Undergrad: 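Below: one structure in structure tokens.
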Amino acid sequence: MEATSETLDRTLFERVGKDRDKMESIERPNLTYWKDAWRRLKANKIATIALCVVGLYVVMSVVGPYMTSYAYTATDAKATDALPSAEHWFGTDMLGRDLWSRVWMGARTSLMIGFVATLLNTIVGGIVGGVAGYYGGKLDMVLMRIVDVLYGIPYIIVAILMMVVMSPGIGSLIIAMVITRWIGMARFVRGEVLRIKENDYVAAARVLGASDATILIRHIAPNLMGLIITNTMMAIPNAIFTEAFLSFIGLGIQPPECSWGLLAREGSQTLSIYPLKLFFPAFFISTTMLALNLLGDGLRDALDPRLRGE
Amino acid sequence: MGRYIAKRIVISLATLFVLVTVVFALVRLMPGDPFSSEKITPQIRQNLERYYGFDKPILQQYVIYIGQLAKGDLGYSMKYANATVNDIIAKAFPYSADLGLRALAIAVSVGLTLGIVSALNRKKPIDAVCVVVAMIGTSIPDFIMGYVLQYFFGIRWGLLPIAQYKGFAYTVLPSIGLGFYTLALVSRLMRSSMLEVVQQDYIKTAMAKGASRFRIVWKHMIRNAILPIVTILGPITASVLTGTFVIESIFAIPGMGKFYVTSVQSLDYTLVLGMTVFFGAFLVSANFIVDILYGIIDPRIRVSRR
């Protein structure tokens, strides 16, 4: 206790006074919701690493196949089932196709299906759920009864049958997934819109004469965005898994095209002799799902306003 | 409660009806037909089509099918000679049910334990281990898990049989492979649910009243924290069920999933339809039971849903 009032010299202090111009200014830099979320996501080490892994895979799915001179469909009868070497970095499959380029072409397919199908689900589900929740009444009742009925249908069975009806490929995989999976998002968005539209600021906007479209887009959507992004993020691993599952049972992507699920299927046929052929696709599917799950957790924490300032 | 149950029954029946109709349409839209792979003369084909009723207009076929369905008759398979769909299901379902129940039992018991232990030891090493296990478990698709188990325990170390289903040793790998994802899911959910409950006021009250730790954990925490788990039992059953599709083909188990995939590929109309209806009815009733169960367990729901 040395610095008592007696030892403190007056000269240590400086008179600040009042400055009428500065009094009202905000000294801290303006931090929007999104900037703040981004800052908190970056502070989360695990989520940052996950984001880097996902980013790396996305970049590699674009450039990876061109890093080696072997095209992903080119067969080589002299080098079938080769182990990884300087020539073939991941080895080759039973037809002598280079697994490095196949794995990254597969990444392109799997990631694209995962992202596109989930995005479409969010859009369709978001619109249906948003409209049903906002307008309520008869429209809501009809839409929600339909959703209730469709929700109980095992989606994977319908997806399997749709894959047989349509010719297999990326497009039909996406269609099958969107038709069967938008319902979850619609239910979720409707619930949130029901909650948000009771808020005072929505009432205030209505009193001020804002149109329904303005209220939905300017007032409800931004408040819902964080939750929607989190939910979408969490749904991507599911979509990637569904693609892998359908390709794995032989109803998804067909050779010579490839996806991770198809590569896993091909690798599994010679598991006891060449386990590496299953290892590569399995490794990339699992690490992608892990990274996306961790990123989803990180986003959920970063976008949750209740955790702001922690 | 009565009105709620009635509403659920109506929705469940409507779901089943839509499912049957959609699947009936989808099956007929599939390119080719069950006889296109067989070498037969036009005369034989005509006879076969008459035998299975394909010569009638499609709407009439649909009405006939619904009529038979109402009596519980799923018709004859088109690929397995002289076998009714009911027979095939009766033979295959016990395998799938056995496998599924084992997987569910492992997933729920181990998953709950991990989640509870993890939450009670928050920020200790044991919590970190449980969280990592759960994170890995939810990231590995079940077909990869199946192959990993098969490769290491069966092929590499030769500890357990890798195919067929003839005794306890045979059931170990498939049920772990099938249940691991669900196990991880249950443990994650239970952990976060427990952590939420710990902060509730009634826990403070119980502590203030001097209740024993065992009583607080058992009576107050777990009983409340387990509620969200009950809600996901329906989706969990569905995911275990679809998991059997691949696990059964990996381990060569003659269950429903294996039959389903092959019947889709060979366009066995009646078998596809019959099995889908069976799967659908099974899932719809599972969801129905879970909904009702939830209403019984949590009195708050009963009031608010009425």
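We name chains A, B, ... by the order of the sequence lines, and we start the count at 1 in each one. Bear in mind the structure is a predicted one, so any value in this text is a computation, not a measurement.
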Undergrad: Is it the backbone or the side chain of B:Lys7 that comes under 4.5 Å from a heavy atom of chain A, or both, or neither?
TA: side chain
Undergrad: Kindly indicate, with the supporting measurements, whether the criterion ring-ring contact (aromatic ring centres under 6.0 Å, His included) is fulfilled by B:Phe93 and B:Phe259.
TA: CA-CA 10 Å; B:Phe93 184 64; B:Phe259 270 104; over 10 Å; no
Undergrad: Measuring from atom CG of A:Leu276 to atom CG of A:Leu278, what distance do you get when rounded to the nearest 0.5 angstrom?
TA: 9.5 Å
Undergrad: Any chance you could lay out the side chain to side chain contact (heavy atoms under 4.5 Å, CB included) test for B:Tyr181 and B:Ile140, step after step, and finish with the verdict?
TA: CA-CA 7 Å; B:Tyr181 176 84; B:Ile140 301 181; over 6 Å; no
Undergrad: To the closest 0.5 Å, what do you measure between CG (B:Leu195) and CZ (B:Arg122)?
TA: 5.0 Å
Undergrad: Please state whether the side chain, the backbone, both or neither of A:Arg265 comes within less than 4.5 Å of a heavy atom of chain B.
TA: neither
Undergrad: Counting only non-hydrogen atoms closer than 4.5 Å, does B:Arg28 touch chain A with its backbone (N, CA, C, O), its side chain (CB onward), both, or neither?
TA: neither
Undergrad: Any idea which heavy atoms bring B:Ala107 and B:Gly179 closest together, and the distance?
TA: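 What the structure gives for the nearest pair is CB-O, 3.5 Å.
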Undergrad: Do you know which of B:Gly154, B:Pro141, B:Ala14 has the most heavy-atom pairs under 4.5 Å to chain A?
TA: B:Pro141
Undergrad: Determine whether the aromatic ring centres of B:Phe245 and B:Phe143 lie less than 6.0 Å apart.
TA: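 No, the ring of B:Phe245 stays outside the 6.0 Å limit from the ring of B:Phe143, centre to centre.
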Undergrad: In this structure, are over 12 heavy atoms from other groups packed under 6.0 Å from A:Arg145 atom CZ?
TA: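 More than 12 heavy atoms, drawn from other residues, nucleotides or ligands, come within 6.0 Å of this atom.
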Undergrad: Check whether B:Val148 gets within reach of chain A through its side chain, its backbone, both or neither, counting any heavy atom under 4.5 Å.
TA: neither
Undergrad: Can you pull out the residues in residues 279-292 of chain A with any heavy atom less than 4.5 Å from chain B?
TA: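 The residues closer than 4.5 Å to chain B, in numerical order, are A:Ala282, A:Ile285, A:Ser286, A:Met289, A:Leu290.
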Undergrad: Between A:Ile160, A:Leu161, A:Leu251, who has the most heavy-atom pairs with chain B when the cutoff is under 4.5 Å?
TA: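 Heavy-atom pairs under 4.5 Å are most numerous for A:Leu161.
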Undergrad: Closer than 3.5 angstrom, by distance alone: can the side chain of A:Ser61 be matched with the main-chain N or O of A:Val58 as a donor-acceptor pair?
TA: yes
Undergrad: Assess, by modelled atom type and distance only, whether the side chains of A:Glu257 and A:Thr109 contain a donor and an acceptor separated by less than 3.5 Å.
TA: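 No pair is found: no donor N or O on one side chain lies under 3.5 Å from an acceptor on the other.
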Undergrad: In terms of heavy-atom proximity below 4.5 Å to chain A, should B:Tyr260 be classed as side chain, backbone, both, or neither?
TA: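 The answer is the side chain of B:Tyr260.
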Undergrad: Looking only at heavy atoms, which of residues 242-250 of chain A get nearer than 4.5 Å to chain B?
TA: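 So the qualifying residues are A:Ala244, A:Phe245, A:Phe248, A:Ile249.
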Undergrad: Heavy-atom count around B:Ile155 CD1 within 6.0 Å, excluding the residue itself: above 12?
TA: yes
Undergrad: Given that the side chain runs from C-beta out, which part of B:Thr138 has a heavy atom under 4.5 Å from chain A: side chain, backbone, both or neither?
TA: both
Undergrad: Classify the angle between the aromatic ring planes of A:Tyr57 and A:Trp260 as parallel (below 30°), tilted (30 to 60°) or perpendicular (above 60°).
TA: perpendicular
Undergrad: Using only heavy-atom distances, determine whether the side chains of A:Thr230 and A:Arg300 contain a donor-acceptor pair under 3.5 Å.
TA: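 Per modelled atom types, A:Thr230 and A:Arg300 side chains form no pair under 3.5 Å.
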Undergrad: So which of B:Asn287, B:Ile136, B:Val264 has the biggest tally of heavy-atom pairs under 4.5 Å with chain A?
TA: B:Val264
Undergrad: Between B:Leu26 and chain A, with a heavy-atom cut-off of 4.5 Å, which part of the residue counts as in contact: side chain, backbone, both or neither?
TA: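 Both parts, heavy atoms under 4.5 Å.
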Undergrad: Assign the ring pair B:Phe282 / B:Phe278 to parallel, tilted or perpendicular, where the plane angle (0 to 90°) is split at 30° and 60°.
TA: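 Plane angle under 30°, so parallel.
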Undergrad: Taking only Lys NZ, Arg NE, NH1 and NH2, and the carboxylate oxygens of Asp or Glu, determine whether A:Asp301 and A:Arg40 approach each other closer than 4.0 Å.
TA: no
Undergrad: So what's closer than 4.5 Å to chain A heavy atoms on B:Ile144: side chain, backbone, both or neither?
TA: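 Contact with chain A is through the side chain of B:Ile144 alone.
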Undergrad: Does NZ or CZ of A:Arg190 fall inside the cone over A:Phe188's six-membered ring, less than 6.0 Å from its centre and within 45° of the axis?
TA: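 A:Arg190 over A:Phe188 ring: no.
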